[in-house]
Each structure stands twice: as C-alpha cells, then as structure tokens.
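Below, read A as the first sequence line, B as the second, and so on, with proteins coming before strands; counting in each chain starts at 1. The structure displayed is predicted, hence computed values, not measured ones.
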Protein chains: 4
Amino acid sequence: MTTSTLRGLAALRENERDARRTLIMDAACSLFAKKDFKQVTVREIAKQAGVGVGTIYNYYASLDELFFDIFLKHASDIQQRLYSQAQQKNATLHDLCALYVEYLCTHIPFYQIMSHFMLGGDLMPAATEKLNHIMRQLMDHLEDTLKKTGPCEDSRITAHALFAALNGIMISYARYPGRNDDEILAHTRRLALRMADIFAKAPAG
Amino acid sequence: MTTSTLRGLAALRENERDARRTLIMDAACSLFAKKDFKQVTVREIAKQAGVGVGTIYNYYASLDELFFDIFLKHASDIQQRLYSQAQQKNATLHDLCALYVEYLCTHIPFYQIMSHFMLGGDLMPAATEKLNHIMRQLMDHLEDTLKKTGPCEDSRITAHALFAALNGIMISYARYPGRNDDEILAHTRRLALRMADIFAKAPAG
Amino acid sequence: MTTSTLRGLAALRENERDARRTLIMDAACSLFAKKDFKQVTVREIAKQAGVGVGTIYNYYASLDELFFDIFLKHASDIQQRLYSQAQQKNATLHDLCALYVEYLCTHIPFYQIMSHFMLGGDLMPAATEKLNHIMRQLMDHLEDTLKKTGPCEDSRITAHALFAALNGIMISYARYPGRNDDEILAHTRRLALRMADIFAKAPAG
Amino acid sequence: MTTSTLRGLAALRENERDARRTLIMDAACSLFAKKDFKQVTVREIAKQAGVGVGTIYNYYASLDELFFDIFLKHASDIQQRLYSQAQQKNATLHDLCALYVEYLCTHIPFYQIMSHFMLGGDLMPAATEKLNHIMRQLMDHLEDTLKKTGPCEDSRITAHALFAALNGIMISYARYPGRNDDEILAHTRRLALRMADIFAKAPAG
DNA sequence: TATGAATGAGCTTTCATTCAT
DNA sequence: AATGAATGAAAGCTCATTCAT
C-alpha cells in the first residue's frame, strides 16, 4: 500500500466522518423545528439521524459541542450569503440588514443557540477563538458596507452597534406573543429596513 | 377585636406574605449570579432563602411563575428609574440609553429571563397581558423621548427599533468571552451612547 | 353554675363536636364522587368542609382514621337499611341481596375504603374491634335470613359465603371497563338476584 | 456473520430482555410481601432487582405498566393451572374453586393489583382489551365446568356469579384482622369448598 | 467504529402532618 | 378550638453520558 493510497483512504475517511457529522447536525436541526433546542434530547437526535446514541459521542464530546457546531455551520452559512450579496452590484446597507434579519427570523434555532452561548454557555477556549474569528469577519463586512454608505469616523464601533441592533430585533420581536409567523416576519423586516435607514444617516461619530 | 384591628392584622399578614415573596425572589436572584437561571433548582433557592422547599410552592405555583415574577419586579424597577430620570430637567436620549443598558448590564439574570420568555417560554395568557402592558409603557416612554429629541415622522416604529437595538447590545456583548465585567460594562456603555447618537439623528422616516 | 348546667354544656359541646365530624365526613364523601378516595387530600377536604386544615386534625388523628370513620358510618347505614327491610313482612333473601349490592353499587367509595382496610390497611386494635362487631351483626342478619329461607345445617359458614359472594360482585363488576353506570347497576343487580337464587337452594351442608 | 447467527443473537437478546423483565417483576413481587403494592416505589424495586432506577424505565414506560404486566403474568399462570387441572380425570367444581382461591390466597399482591385495576385504575385501551380477553377465557372455563357439574340454563350468568363469589372470598377474608395466615388459608379454603357445594346445586335459572 | 442498555444524580412537585398564633 | 403557613421526605420520572459488546 503506497503513501498516496493511504492519504486517499484517510481523505475518504475524513469525508465519511464529515458526512456523519452533517447527518447528525441535520437531524438535530430538523428537531428544532418542533421544539426549543434546549428540549431536544440525544435520544431524539440519534433516532432522527438513524444512528445509535453512542455514535453521536464518537463525533461530539458533548451535546454542547454539537450545538456549537450547528452554530458554526449557520454562522458560516450567513457569512457566505452576505459575501455573495456583496459581490452583486449596488448591494446596499438595506439589503444587508434585510438579509441578516430575514436569515435569523427563518432560523430561530440558530438564534436560540447563539443566545445560549452568548448569555450563559461556557465555551471552551477553542470555541471562543472560532467565535471571535467569525465575529471579526462579520464585523469587517459590516464596517465595509457602512463605509461605502457614507463617511463614518468611528466605523468600527458603529459596526458593533449595527450588529447589536440587528440581533436585538430578533430577541425583541422574533416570538412576540400573539402574533403569527407572517406578522413577525413583516415586522422584523420593517424594523430591519428602518434600522438601515437610521444607520445610513449615522453621524460621523 | 375591632374592625380596624382586623384590618391591621390582614395588612400585617399581607406584608409578611410580600416579605416572604421578596425573600424567595432575592434568593433566586442571588443564585443567578453564579449560574444560568435555567440551572437554578428549587432546592437551591429554598436553601438560599432559608425556607423549606414546600414553602416556595405556597407562594408560587411553579418555578416559571417565580421567574416571571422576578421579571415583573425588574421590569417595574427599570420603568421606575426611567420615569424618575425623565422627571429631571434635561434628561436626554443619551441618558435614557445609558440608564437602560447599564441596568441590563448589571442585572444580567433579568435579561436572561426576559430572553427566556421572549424566545421560548410559553407564557400564560395573564402573563402575556402583563408583558404587553409593560412593553407598551416602555415603548411610550421611548417614543416620547425620541419626539423630544427631534422630529420623527414614524416615531413608533423608531421606538421599536431603539428598544431592539438596546436589547441587542446586551445579547451581543454582555458576556463576550475573554473580557471581564468592567470591560464589558465600558463597551456596552459606549455602544449605548453611540446608539443614542445614531437614533438622535434618525431620519424622519 | 350548677352541675346540671355543666352537664348541659358538655352535651352541647359533644353535639357540636359530632356536628363538626359529620361536616368533615360529608365533605370527604362529596369529594369521593369526583375522584378515587386515595387521591383526595386533606386540603381538599378542609376546603370543601369550610374549615381549616388543622381543624381536621382536632377531630381525627390521621386521614386513615377519618376514612375509617366514614367506613363505620356507611356500615351502620347499611345495617340500618337491612334491619328496616327485615321489619317488613315477607322480606326475602332476594330483597336482602338486592339491597346490599345496590347499596355498594351506589356507594363505591365506601366499597373502596372497605377494600383498602381489608386488603392493606393496618387497623388499630380499637378499629379492629369495631369492625368485628359490625361484621358479627351483619353475619347474624344474613344467617337469620338464610334460616328463614330454608333448612341449612352449617348456616354460619353459608352466611360467610353469601357475604363474600355479594362483596365479590362489586370487586368483579363495579367498574367493568367499557360499560356505563346503568349497565353496571343492571348487571350487578342481576347477579345479586341470581346469587340469592343459588343460596336459597344451598344444600344443607 | 451468517443470517442464522444473527437470528441467534436476536433471540439471545430477546431472551435477555425477557430475563430482565422477569428480574424486575420478581423484585417487585418480593416487595409486595412486605407492603401494599401501592406503597412500593421505583427505587425499592430497582434496589431489590439490583439494577438502576433508569433501567426499569427501559423496560416499562411507567410503574402502572409494570404492575399490569405482573397482573398479566399471574393471570396467565392461574389460567395455566386451571387448564392443567381440567386435563386430569375427574376434576370437579370443588377442585376448581379450591385451586382458584388457594392461588389468590397465596398470591395476595396479584389480588391487590387486580382490585386496583378493577376498582380504580385507568387502564389504557390495549390493557383493557387484554384484561377482557383473559376474563373471557376464565369465564369460558368456569362455564364449561358448571355445565359438566349439572344442568344449568343460564350458565353464563352463573359463571359470572361464581367468579364474583370466589373473588369475594378474598376481599372479605384474605386479611381478616386478628387471624394468622394459616387460619385464613383454612377459612378461605373451607369457604371455597362450600361455595362449590352451593354452586353445584345451583338451580337451573 | 457503532451500538444501545445501564446508570444514577437530579429534577419538579405533592401532601400529610405540625405548631405558633 | 381553629387556623393555615411551613415543612421536608418522598414520589415518579428524565436524560446526558458511559462502556461492554
């Protein structure tokens, strides 16, 4: 058996491993549609994924790690979308805000997980680093867009504020009691656009 | 025994009852300092409060009810502070934003509970109504302040946006991993002020 | 204050005490209509009776004692009815059986309590003695009726058998799943009459 | 691994599973000797069985299900015995009655559980069906024996009456206060035989 | 590597009983 | 005598995690 064959096998195995992880993540996500992510149990995930309970622990050291992985996947997903949007001509701050909030609004579990880790979860150092990396990228993107929109002296802090403001729309209105999904989507979208308006006119600082 | 004596006794008992409720709430809050509010158990609260487990159920039908009561108490508290601030001369949007965010920042458990109920908690109808009432009051207050700050056509939606933006500061930075409490307080305060700047210049809509 | 006055007062108090006990028993019985007697709580009884929880313990040392008192009351009640029936001309074994089973069938909680004490309850000596006394009276009554019905050498054991047989109708059919109350009453009644037939022709032994 | 090996393994597992269920049932039954079956707790059963608490819930969804399973096992057991007895030559109604009552008398917990489900327990539909099935079988057996014993027009209702009468012996005398086990066994046996006498001479109806 | 039965600490909640008023 | 708030042991049950196969 040659070295290159070994490398090929290893790659294959790595691929398989990733496929399994994705399988498990997807199973978990599909359960989030039905219930609060904190109520989803390992057993349910295993059943949904069609694997044994123990198998999950071959891929994740704990449930929290699985949840964090799901978070990363979504974060990467949204980054991708924002980047794609930016590639298009004339993409404005409005578009960015709308895209971001719509994404959150249609991926509530992602938002719940993010909240979980930001408000109470104790992340491991490795996770913290990854989180910071993602945040920095996102913040860069926001800052760039803000700069294109208008002059802004302290653009970094404004980017932070914008990020906060958009997240806040979710926490404040994503499950407003007594409103249905369509009403909520309409309201959050409207707020996102208003937020873009306001930040577009943000004073130089 | 005269009528007035009876009334006195009843009042005393009512006071005592309130004192006990406060005792229990305070015990719960003090535990929130150490762990996520969802991880706090009845037993711990009872021990902290120096009462029996059963006693708690003499005052609250369930843990969720206790948590909601804590939420109400804090919501009322912050309303009070905002109102007091507004009474003072020259209270600005900056002051309001700073006060609100500082309050949240120094009462994280309150924010966690709010998030819990807003993101996933199933509130009973009575609770929902109370929640809506509080929200309306707060929104009125924000709207008033915005109007005083400058012309604003669609001031209600702007108030909603401001509320969301301030809450978002918390979710986004209140427990930013790798920073200590002072740094976080400084950062959130700075963001609150920047947010006030931005909203003060909000376009008429 | 004279001795006779004191005696009058004492009697008054005794009456009042009995009235209270009856009040409590009736409250408990009215709750039995809604749920299994084992599920009825002291709190509920107190509320239904319009007295404080502690008051019940002024009249009964424990819940079991209350239940036993209820049992005694019903036992006495049914004795009374059987006795009245016997006073009438031409009262037959059929009448006795029908009356007994109908009584049980319309007083299921009584039957449940009886079962509770016979199958598992540890009675205090005093209670045991009372129970035996009642049983002896009932057995005498059954024996007398059997003797009137026909010659029967070992009439005592036959009385025991009849008593057992009638109770058995209840345990076996009082809550037969899938049948409504009327059907059950009809079936148990029919069985009671058949039982009377059979025992009326009981061999001399 | 061949198909037959797999089948072997599956069978082994099924056997193991049954063995575990039996282990748990036996543990529960052995506790019934000491206390009312309603007072037996999951923890006690687990300890007695030498397994963890959670293990029990791997085999039964609830305590009630375990109890019902115990009931089924005993019901099946007694059916078996009655059937075996019937196979022998000259098995009479006396033999049947004696066997049934003796079985109940030496398996009081079974009788308690039966009473529990018959008097108050809410059975699931599936359980009700099983219960009815068993009852029908037993009743068929009683009816057959009665027919062999003598002419009997309405033999079904007489079978019902006999079943009730035998059960009644238990509820009425199985734990008669003040008598020891031997006395009780002797008395119930005597009553069972008397009952057989009486039913053997049952009028045609 | 995949499995899933076993585990037991841990949860919320109930409720008979007590006792200070 | 009447009260009802306080109590805490005890209940049934859950579920993340482990580990022998």
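- Applying the 6.0 Å contact sphere to NZ of Lys73(D) captures more than 12 heavy atoms from other residues, nucleotides or ligands.
- Side-chain atoms of Asn58(D) lie closest to dA5(E) of the nucleotides dT14(E), dA5(E), dT17(F).
- The residue among Arg20(D) and Arg20(A) whose nearest nucleotide of DNA chain E lies closer to the 5′ end is Arg20(A).
- Paired with Phe117(C) under the rule ring-ring contact (aromatic ring centres under 6.0 Å, His included), one option of Phe37(C), Phe68(C), Phe110(C) passes, and it is Phe68(C).
- Of all nucleotides listed (dA5(E), dT7(F), dT17(E)), dA5(E) comes nearest to the side chain of Val53(A).
- Residue-level contact check: Val42(D) touches the backbone only, with heavy atoms under 4.0 Å from sugar-phosphate atoms and none from bases.
- Paired runs in DNA chain E that reach 3 or more consecutive Watson-Crick or G-U pairs, where each pair keeps both distances under 3.5 Å, cover E:2-21 with F:2-21.
- Remark: Thr55(C) is in phosphate contact with dT3(F), judged by side-chain N or O atoms under 4.0 Å from OP1 or OP2.
- Among the protein residues, Thr41(B) comes within range of the sugar-phosphate backbone only, with heavy atoms under 4.0 Å from sugar or phosphate atoms but none that close to a base.
- Thr55(C) places no side-chain N or O within 3.5 Å of a backbone atom of Val51(C) that could act as its donor or acceptor partner.
- Both Tyr59(A) and Arg43(B) sit near DNA chain E, but only Tyr59(A) has its closest nucleotide nearer the 5' end.
- Within the structure, the salt bridge (charged side-chain N to carboxylate O under 4.0 Å, His left out) test picks out the following pairs touching residues 39-59 of chain D (sequence neighbours left out): Lys35(D)-Glu44(D).
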